[in-house]
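Hydrogens, waters and symmetry mates are skipped; everything else that's a heavy atom, side chains included, is used. Below, chain A is the first sequence line, B the second, and so on; all start at residue 1.
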Number of protein chains: 2
Amino acid sequence: MKQISTRFSIAVHTLSLIAVSPRECTGDYIAGSVNTNPVVIRRIMGMLKKAGLVEVRPGVGGASLLKAPEDITLLDVYRAVDVIEDNQLFRVHEGPNVQCPVGRNIESALQSELSEAQSAMEHRLAQTTLSRLIERFE
Amino acid sequence: MKQISTRFSIAVHTLSLIAVSPRECTGDYIAGSVNTNPVVIRRIMGMLKKAGLVEVRPGVGGASLLKAPEDITLLDVYRAVDVIEDNQLFRVHEGPNVQCPVGRNIESALQSELSEAQSAMEHRLAQTTLSRLIERFE
DNA sequence: ACCGTTGTAACCATTATAGTTACTACTCTT
DNA sequence: AAGAGTAGTAACTATAATGGTTACAACGGT
């Protein structure tokens with residue numbers, strides 16, 4: 001199957017780097033640490049900017065956090081990079097046969113359970129802050 | 001982003017139908033309830049069979065559960081249909097720069113947090129049984 | 001004015017998905 | 001023995017997300 005995009009892990013990497021690094025972090029520098037193309041980083045930075053997590057100095061270059069690392073959770077990043085469609089982790093097949101009792105009810109019955117499972121995952125993501133992550137490798 | 005494949009929800013639909021239906025469930029009948037192509041159902045049935053959840057009578061047709069609905073959880077189904085690759089919900093970017101303290105440590109630091117989040121989701125799936133689901137629409 | 005940087009658009013190769021057609025193998029019924 | 005209906009699979013297709021790439025315009029400091 002498809003997994004959740006590396007956009008998420010790259011975004012966490014990027015934010016960690018900005019938080020930790022003493023020097024100005026340009027897109028190229030970050031790309032060098034992540035080991036990918038600078039455009040990939042710029043795309044992700046655009047999402048992080050839109051989410052209000054970072055600001056970027058255009059022209060001169062360099063990014064900085066808009067929130068303290070203690071106040072950025074993995075859930076914030078996960079949401080910022082728009083990593084699941086329509087905010088629904090599980091996709092449910094559409095148009096089941098409404099003549100059938102199963103077909104008629106499966107969607108709502110499943111959705112509530114799947115939402116619970118998704119929430120459990122996201123709740124756990126919300127418990128890890130960026131500061132907690134970076135303290136492991138400073 | 002990509003979401004988790006409808007294979008999962010179709011598999012749950014299929015098992016529910018088998019559990020609920022008084023008549024023999026052929027692939028074509030299930031496909032009619034799910035509203036998809038019979039081959040899609042047969043493929044999923046193959047996975048459910050391999051996981052030991054159902055048995056299918058070849059030739060004559062019809063499927064039946066190999067476990068009681070109380071003993072089949074959503075996690076069992078989710079695992080059976082092989083819905084995430086390598087059993088890792090989150091994909092982490094590969095080959096970060098090991099010269100960089102962030103690049104060197106991000107993978108293991110992230111992996112442990114992401115595994116926790118994934119486990120939280122799967123644990124919640126394990127709490128819902130097929131019987132609990134079907135009692136809502138019998 | 002120049003240079004390095006950011007912000008995008010456009011394109012491409014790869015991959016998973018889900019539907020479809022087609023064919024073989026199997027079992028029961030007649 | 002033959003036929004009808006079903007399961008099992010292979011193969012092909014269209015669609016879409018991903019992640020990398022090139023190219024270029026806009027911006028700001030030296």
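At whole-Å resolution of the value, CZ in A:F8 and C1' in D:dG19 are 18 Å apart. The distance between atom CD1 of B:I84 and atom P of C:dT17, rounded to the nearest whole Å, is 11 Å. Taking atom CZ of B:R57 as the reference point, atom P of D:dG8 lies 13 Å away to the nearest angstrom. At whole-Å resolution of the value, CE in A:M47 and P in C:dT8 are 12 Å apart. Atom CD in A:Q3 sits about 10 Å away from atom P in D:dG19, given to the nearest Å. Between the P atom of D:dT6 and the NZ atom of B:K49 lies a distance of 17 Å, rounded to the nearest Å. Look at CG on A:L48: it is 15 Å from C1' on C:dT6, rounded to the nearest Å. At whole-Å resolution of the value, CD1 in B:I4 and P in D:dA17 are 16 Å apart.
Between A:R91 and C:dT17, a side-chain N or O to OP1/OP2 separation shorter than 4.0 Å is absent.
Using a 4.0 Å heavy-atom criterion, one finds that A:G46 contacts no nucleic acid atom at all.
Proximity note for B:T6 (side chain, C-beta onward) versus C:dA18, D:dG19, D:dG8: the nearest is C:dA18. Distance from the side chain of B:R7 is smallest to C:dA18 among C:dA18, C:dG7, D:dT18. Set against C:dT17, D:dT18, D:dG8, the side chain of B:S5 has C:dT17 as its closest nucleotide.
Rounding to the nearest 0.5 angstrom, the gap separating the CG atom in B:L89 from the CG atom in A:L89 is 6.0 Å. How far CG of A:L125 is from NE2 of A:H123: 10.5 Å, rounded to the nearest 0.5 Å. For the atom pair OG1 of A:T73 and CZ of A:R124, the computed distance is 11.0 Å after rounding to the nearest 0.5 Å. Atom-to-atom distance recorded for B:L74:CG and B:L130:CG is 8.0 Å, nearest 0.5 angstrom. Rounding to the nearest 0.5 Å places OG of A:S115 at 9.0 Å from CG of A:N87.
Ring-plane geometry between A:F90 and B:F8 is classed as tilted, the angle between the planes lying from 30 to 60 degrees on a 0 to 90 degree scale.
Salt bridge status for A:E85 with A:R91: absent, with no side-chain N to carboxylate O gap under 4.0 Å.
Hydrophobic clustering, with ILVMFWY side chains joined whenever heavy atoms are under 4.5 angstrom apart, groups B:L53 together with B:M47.
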Grab the N/O contacts between the protein and nucleotides 24-30 of chain C below 3.5 Å, and write none if there aren't any.
none

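Taking all atoms of both residues into account, the shortest heavy-atom contact from A:A11 to A:I44 is CB-CG2, 3.8 Å.
Against DNA chain D, the stretch residues 26-45 of chain B makes heavy-atom approaches under 4.0 Å through B:T26, B:G27, B:V39, B:R42, B:R43.
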